[in-house]
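See below for the structure under consideration.
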Amino acid sequence: MYEYLVVGAGFAGATMAERLACELGARVLLIDRRSHLAGNAYDPLNEHGIRIHRYGPHIFHTNSQRVVAYLSRFTAWRPYEHRVLARVRGALVPIPINGVTLARLFGVPPDEQAAATFLAARAESIERVQSSEDAILAKVGRELYELFFRGYTRKQWGLDPSELDASVCGRIPTRVDGDCRYFTDAFQAMPRDGFEALFLALVSDPRIDLALGCDYRTIAGRERFNHVIFTGPVDEYFDERFGKLPYRSLHFEFETLDRPRLQEVAVINEPDEAVPYTRTTEFKHLTGQEHPKTTIVREYPRSAGDPYYPIPSPECRALYQKYAALAAKERHVTFVGRLAEYRYYNMDQVVASALAAFEELAKARV
Ligand code: FAD
Ligand code: UDP
């Protein structure tokens with residue numbers, strides 16, 4: 001009855017289902033073991049009527065015109081530029097480290113030359129930047145590394161920055177100007193009516209049937225499909241044959257306060273290792289919602305629990321490569337998405353990866 005089975009209704013699965021149904025005219029069964037669409041971007045209203053992000057703050061930003069054009073067919077946008085403060089030495093200062101941060105912490109004069117000279121005098125010369133520790137020491141030196149990165153990263157990943165790929169802390173730039181935005185991408189906006197509404201539009205084609213609360217295991221082998229798109233954890237697909245791939249998880253602690261606003265910006269980071277959580281997010285900054293109350297969430301990193309973050313370390317990548325080799329041999333299955341490709345993808349990168357995977361499939365079909 002269905003040509004395609006798509007496992008997982010997050011960005012990867014919903015994009016694939018939409019393309020297969022609308023571009024190829026195929027019948028698609030889209031399943032998710034959770035009771036809702038949108039994967040980790042799920043953003044329901046809570047019991048107070050405040051829109052929250054159930055799996056942590058999701059901010060959309062991209063430099064891909066193609067991804068913006070694609071998603072804009074399913075949502076209008078609300079402009080939003082993300083700003084984050086870090087609690088350092090008892091003060092709240094902007095992160096990424098920039099001219100304003102250096103002026104507040106060290107009294108560096110607020111001009112680009114002064115900030116550049118200050119950082120250059122502290123940056124360590126490192127011949128081959130391999131780890132996240134190297135990446136930060138090479139840019140800002142040890143004091144700023146310890147103030148902003150070491151503790152946060154050890155909490156977030158349960159690993160020292162010296163054990164993580166340079167790309168992890170390398171996600172955070174250093175600036176000498178006074179630009180306090182977290183991202184500098186050309187397109188920064190939130191779906192106007194939220195992520196769930198975007199997903200409802202994405203999967204609205206009548207050729208897509210949606211089955212929520214449905215695990216792949218319950219239908220694998222029972223029904224036949226020409227092709228399967230798998231967006232869950234790749235090690236789980238292969239029954240963890242080579243051992244479990246490590247993922248980092250989070251425990252989310254939500255709180256609703258009887259006041260309209262709590263913090264000056266959406267997110268406050270806590271780099272101090274003595275504080276057990278990494279950051280506090282106030283959702284109304286992200287959604288623009290007006291409400292007399294406000295909801296916040298604190299994130300407590302964990303090793304056990306839902307798989308949220310693939311771990312970018314040399315050991316984990318080596319184990320993933322063994323699964324990737326098996327995946328390449330599964331001719332009737334396409335693996336796409338953050339968990340299936342074991343890549344620390346942002347949402348826009350997942351959409352781009354799904355669009356590329358669809359094109360490969362479409363080519364093979366003709
Ligand atoms: P997912 O969203 O994880 O979807 C996979 C789906 O597959 C899940 O719903 C799961 O239930 C389902 N599934 C798995 N196995 C099975 C099975 N056997 N049977 C049925 N269903 C199954 N990105 C950004 O761009 N900006 C951000 O600000 C941002 N913040 C983030 C904050 C946090 C705390 C986290 C964890 C991630 C964040 N991301 C952010 C990344 C973003 O969540 C991902 O890039 C994106 O959601 C991945 O989409 P996906 O479809 O690959 O995976
Ligand atoms: N990071 C840090 N201190 C900060 C912010 C980030 O050490 O104040 C490091 C940390 O290792 C984190 C990584 O940089 O995991 C990437 O940060 P980002 O905000 O992109 O993380 P995400 O939003 O994906 O959790």
Side-chain angles (χ1 to χ4, degrees), residues 5-16 30-42 53-62 67 82 84-88 93-97 132 135-136 145-157 159 161 164 167-172 182-183 185 188 190 195 199 211-220 229-234 236-237 247-250 252 266-271 278-279 281 286 297 299 301 306-312 335-341 343-351 353-354:
L5 170 68
V6 179
V7 181
F11 268 106
T15 300
M16 290 298 285
L30 172 62
I31 66 167
D32 202 299
R33 62 183 167 202
R34 287 171 170 164
S35 60
H36 57 75
L37 275 170
N40 285 341
Y42 181 50
H53 292 187
R54 170 77 64 80
Y55 306 101
H58 279 67
I59 296 108
F60 191 82
H61 57 98
T62 188
V67 168
H82 193 46
V84 179
L85 296 172
R87 199 184 310 276
V88 169
V93 295
I95 169 115
I97 294 170
S132 273
I136 300 301
Y145 162 73
E146 283 180 356
L147 283 178
F148 286 89
F149 290 94
R150 187 168 179 271
Y152 188 105
T153 300
R154 287 169 63 88
K155 287 193 285 189
Q156 171 70 11
W157 298 97
L159 291 171
L164 281 164
S167 61
V168 178
C169 290
R171 284 167 63 93
I172 313 299
Y182 205 64
F183 308 111
D185 300 50
Q188 307 187 36
M190 297 294 283
F195 286 105
F199 274 78
L212 296 173
C214 175
D215 196 297
Y216 176 56
R217 281 173 199 286
T218 63
I219 47 175
I229 317 293
F230 190 81
T231 76
V234 63
E236 193 185 307
Y237 179 91
Y247 297 88
R248 197 65 176 157
S249 193
L250 295 168
F252 298 105
V267 173
I268 294 186
N269 283 0
E270 304 286 350
T278 50
R279 58 186 177 187
T281 299
L286 308 181
V297 67
E299 294 173 46
D306 271 4
Y308 292 136
Y309 291 87
I311 299 183
F335 294 85
V336 60
R338 179 143 145 152
L339 302 169
E341 297 179 66
R343 299 267 306 259
Y344 188 0
Y345 275 146
N346 290 328
M347 294 179 281
D348 63 319
Q349 296 170 308
V350 169
V351 173
S353 179

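Quick caveat: nothing in here was measured; it's all calculated off a predicted structure. Numbering of ligands and ligand atoms starts at 1, following listing order.
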Closer than 4.0 Å to some heavy atom of [X] - which atoms of ligand 1 meet that?
X: Arg34; result: 8 (C), 9 (O), 11 (O)
X: Phe11; result: 49 (O), 51 (O)
X: Tyr55; result: 33 (C), 34 (C)
X: Gly8; result: 6 (C), 7 (O), 12 (C)
X: Leu250; result: 34 (C)
X: Gly337; result: 52 (O)
X: Tyr345; result: 41 (C), 44 (C), 45 (O)
X: Tyr308; result: 36 (C)

Specify the closest pair of heavy atoms between Phe148 and Val93, including all atoms of both residues, with the distance to one decimal.
-> CZ-CG2, 3.7 Å
Do [X] and ligand 2 have an N or O pair less than 3.5 Å apart?
X: Gln156; answer: no
X: Phe148; answer: yes
X: Arg279; answer: yes
X: Phe149; answer: yes

Looking at [X] and [Y], would you say the former's side chain and the latter's main chain have a donor-acceptor pair under 3.5 Å?
X: His58; Y: Gly56; answer: yes
X: Gln188; Y: Phe183; answer: yes
X: Thr153; Y: Arg150; answer: no
X: Asn269; Y: Pro271; answer: no
X: Thr15; Y: Ala354; answer: no
X: Glu236; Y: Pro233; answer: no
X: Asp32; Y: Ala9; answer: yes

Give the residue, atom name and distance (to 0.1 Å) of the protein heavy atom nearest [atom].
atom: atom 15 (O) of ligand 2; result: Trp157 NE1, 2.9 Å
atom: atom 20 (O) of ligand 2; result: Arg171 NE, 2.8 Å
atom: atom 23 (N) of ligand 1; result: Met347 N, 3.4 Å
atom: atom 26 (N) of ligand 1; result: Ile59 O, 2.8 Å
atom: atom 22 (P) of ligand 2; result: Tyr344 OH, 3.4 Å
atom: atom 13 (C) of ligand 2; result: Val168 O, 3.5 Å
atom: atom 7 (O) of ligand 2; result: Thr153 OG1, 3.0 Å
atom: atom 3 (O) of ligand 1; result: Asn40 ND2, 3.4 Å
atom: atom 4 (C) of ligand 2; result: Asn269 ND2, 3.6 Å
atom: atom 6 (C) of ligand 1; result: Asp32 OD2, 3.5 Å
atom: atom 43 (O) of ligand 1; result: His58 NE2, 2.7 Å
atom: atom 1 (N) of ligand 2; result: Tyr152 CD2, 3.6 Å
atom: atom 25 (O) of ligand 2; result: Tyr309 OH, 2.6 Å
atom: atom 21 (N) of ligand 1; result: Arg33 N, 3.1 Å
atom: atom 37 (C) of ligand 1; result: Arg338 NH2, 3.4 Å
atom: atom 18 (N) of ligand 1; result: Asp215 OD1, 3.3 Å

Check each heavy atom of [X] against ligand 1 and say whether those closer than 4.0 Å belong to the side chain, the backbone, both or neither.
X: Val336; answer: neither
X: Val350; answer: side chain
X: Tyr309; answer: side chain
X: Glu236; answer: side chain

Quick one: which of Ala211, Ala12, Ala340, Ser249 has a heavy atom closest to atom 51 (O) of ligand 1?
-> Ala12
Using heavy-atom distances, let me know which of Gly232, Pro57, Pro307, Cys214 sits nearest atom 14 (C) of ligand 1.
-> Gly232
May I ask you to test the [X]-[Y] pair for a side-chain heavy-atom distance under 4.5 Å?
X: Tyr308; Y: Tyr55; answer: yes
X: Thr281; Y: His53; answer: no
X: Ile311; Y: Leu159; answer: yes
X: Arg171; Y: Asn346; answer: yes
X: Arg33; Y: Cys214; answer: no

Which word best sums up how the rings of Trp157 and Tyr344 line up, parallel for under 30°, tilted for 30 to 60°, or perpendicular for over 60°?
-> perpendicular
Side chains of Glu341 and Ser353: donor-acceptor distance under 3.5 Å anywhere?
-> yes
Centroid-centroid under 6.0 Å between [X] and [Y] rings:
X: Tyr345; Y: Phe11; answer: no
X: Phe195; Y: Phe60; answer: no
X: Tyr309; Y: Tyr247; answer: no

Exceeds 12 heavy-atom contacts within 6.0 angstrom, atom CZ of Arg343 | no
Geometric N/O contact Tyr216 with ligand 1, under 3.5 angstrom | yes
